[in-house]
Amino acid sequence: MALGLAATIGMAGAVLSTIATVLLVFGIRALLSGALQFLVAMRRRRAVGAQWPMIISGAQSTVAGVTIAAMSASETSGLSTVAGYSAVGAFWFLASVIALAYRGRKGR
């Protein structure tokens with residue numbers, strides 16, 4: 001929750017600046033939230049199971065965050081980078097829901 005609030009405040013300030021600043025803030029948020037997601041999924045994998053989509057998604061977010069932040073100063077970077085990141089993230093969240101639902105039905 002704190003990370004989300006900090007990202008919201010950062011984005012509010014970044015929106016008044018340049019696209020490069022918005023991408024930098026977004027990249028840092030993706031990096032931090034991906035690392036947290038990865039760590040939580042790794043801790044929960046034995047107790048809850050079916051965490052492989054969350055592990056992959058967290059790792060992908062971490063790598064994407066580093067990439068987006070690094071590319072934010074490039075003159076060719078744009079918001080289309082964020083669209084691709086969001087689409088892949090949505091896929092992994094859907095995979096997570098399916099895996100957890102399957103695990104829940106199998107466990108009954």
CD (Q37) and CD (Q51) are apart, to the nearest 0.5 Å, by 9.5 Å
For residues A99 and P53, report the shortest heavy-atom separation together with the two atoms involved.
-> CB-CG, 4.0 Å
Other than W52, which residues form its hydrophobic cluster under the rule that side-chain heavy atoms must be closer than 4.5 Å?
-> I56, V88, F91, W92
How close do S96 and M54 get, heavy atom to heavy atom, and via which atoms?
-> OG-CG, 3.5 Å
Hey, what do you get for CD1 (I68) to CD1 (I28), rounding to the nearest 0.5 Å?
-> 11.5 Å
Do V22 and Y85 belong together in a cluster built from hydrophobic side chains that touch within less than 4.5 Å?
-> yes
Output for pair (E75 CD, I19 CD1), nearest 0.5 Å, gives 13.5 Å
With a 4.5 Å limit on heavy-atom distance, are the side chains of R45 and I55 in contact?
-> yes
Rounded distance (nearest 0.5 Å) linking atom CZ of F93 with atom OG of S86 | 10.5 Å
OG1 of T67 to CG of L23, rounded to nearest 0.5 Å, is 12.0 Å
Between A69 and S72, which heavy-atom pair has the shortest distance, and what is it?
-> O-OG, 2.8 Å
Are any of the side-chain heavy atoms of F38 and S61 separated by less than 4.5 Å?
-> no
Do V25 and V82 belong to the same hydrophobic cluster, where Ile, Leu, Val, Met, Phe, Trp and Tyr are linked whenever their side-chain heavy atoms lie under 4.5 Å apart, directly or via other members?
-> yes
